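These notes are about the structure you will find just below.
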2 protein chains.
Amino acid sequence: MPKRVDHAQRRTEITEALVRVAGRRGLHAVGMRDVAAEAGVSLRLIQYYFETKEKLLLFGLEYLTQRFGERVAARIKAVGGAPGPRATIEALLLAALPTDDESRTFHFLYTSYAVLAMTDEALAAQPFIANPDAAEEAVAGLLRQAQDADLVAPGLDARGEAIGLLAMSAGLGTGILVGQRDAASATGVLRLHLDRIFGAP
Amino acid sequence: MPKRVDHAQRRTEITEALVRVAGRRGLHAVGMRDVAAEAGVSLRLIQYYFETKEKLLLFGLEYLTQRFGERVAARIKAVGGAPGPRATIEALLLAALPTDDESRTFHFLYTSYAVLAMTDEALAAQPFIANPDAAEEAVAGLLRQAQDADLVAPGLDARGEAIGLLAMSAGLGTGILVGQRDAASATGVLRLHLDRIFGAP
DNA sequence: TTTTTCATGGTACAGCCGTATCAAGTTGAT
DNA sequence: ATCAACTTGATACGGCTGTACCATGAAAAA
């Protein structure tokens, strides 16, 4: 047998190359040859590990969602366990904002995928809708938790507020992306809204 | 001389064909030949009226923004002049939501353009950022107006709230677009938020 | 050492894209 | 009626795309 190679790792390397070049030139403009050049391998190798472009793109999407999930989890862990629901929610929402380069490309590619998914059945079937749902559930849970601790009004519609919060965060994110708003202003707006849900600071 | 044709109208017809086919198959997948077929004319004619594809796309964007502006204005007019700032804001925000087919394709294509603009300089230079800014100013003005009429808390940060409101509306819009949420739920969330800004109903 | 299986490279093939070119039809003015 | 400006058509070209094919290197198993 030949030298056995860790397929999973190779696929990850290639996927990272895809993400890099797509983040630079746009997902729509990326070809297999670009990915090969970025990864420093031959075109044939890309075909070898992902038979078709569609499969490569699908894997790229999985990679992004997983990577992003880790990022958010890390940010939440970073604020510590104790400081209460408000800080956790804030960390979660701010982690989703495209403030640095990594989250910027993530946001960018994620929207690109969303646009593609609107006409591509294979992408539409992909459950990258599941992650937002999970986030929604998490925020709603935290709000209910705050309700139990008398930190917010008892009559609050936790799920509705969670949906609104996440939608606002997403909207602000694309606002930053297109250069319409800067990160500081976006976090300010988000905090303003949180201030009204929780008591004033 | 030959039969003189109204250039402006021809260009509009072609642009409408572009919007139709792009709304169906996605902006990224649309070619000049598709537009020609959809418009029922020859490829050459598309080149004649828009020398290059880029110019066609640019004109398509202008067309969309103008069309959308008219739509929002009509919706606002429809609620009448009297019923106060809250109703006007609500109408404005709900008009931006992709509830019917027309606003759906609009939202879809607008996002597509935004994604393209992230890597295309010519599109990025285009001031389709200006419209959101105008909307922001309008909402902020209405909020200040409500402040003067003692309909909202006097300490309210009108501009911040306006930004948040529009961001939430945009986020909910894409949520509807990707099938994650339905229109009714989105309007509910929006009203929930408005209820907290203005007094409860 | 030979064989077999995996890994990689090079290259060719259709097909589509946007654009350019050549050509012809149409109609108002002269 | 003739001319010339305007409008439309057909087609060709170079470039790029994703994919398929053929070949070869390398190393574990026999």
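A, B, ... follow the sequence lines: proteins, then strands. Residue 1 opens every chain. Since the model is a prediction, treat every value here as computed from it, not as a measurement.
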Side chains of A/Y63 and A/R67, donor plus acceptor under 3.5 Å: yes

Geometric class of the A/Y49/A/H7 ring pair [parallel <30°, tilted 30-60°, perpendicular >60°]: perpendicular

Counting just side-chain N and O atoms, does [X] come under 4.0 Å of either OP1 or OP2 of [N]?
| X | N | value |
| --- | --- | --- |
| B/R10 | D/dT8 | yes |
| B/H7 | D/dC6 | no |
| A/Y49 | C/dT8 | yes |
| A/Y48 | C/dA7 | yes |

B/Q147 (side chain) donor-acceptor with B/P154 (main chain) under 3.5 angstrom: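 Pair found, side chain donor or acceptor close to backbone of B/P154.
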
Donor-acceptor under 3.5 Å (B/S169 side chain, B/L165 main chain): no

Partners meeting side chain to side chain contact (heavy atoms under 4.5 Å, CB included) with B/A186 (sequence neighbours left out):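 Once residues adjacent in sequence are excluded, the partners of B/A186 under the side chain to side chain contact (heavy atoms under 4.5 Å, CB included) criterion are B/L97, B/L172, B/I176.
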
Contact state string [nucleotides 16-22 of chain C, B base, S sugar-phosphate only, - no protein heavy atom under 4.0 Å]: --BBBB-

Interatomic distance where CG belongs to B/D6 and P belongs to D/dC6 [whole Å]: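 Checked: the CG to P distance equals 15 Å.
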
A/L45 CG to D/dT24 C1', straight-line distance once rounded to whole Å: 15 Å

Taking every non-hydrogen atom, the tightest pair across A/A158 and A/L143: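 Looks like O-CD1, 3.5 Å.
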
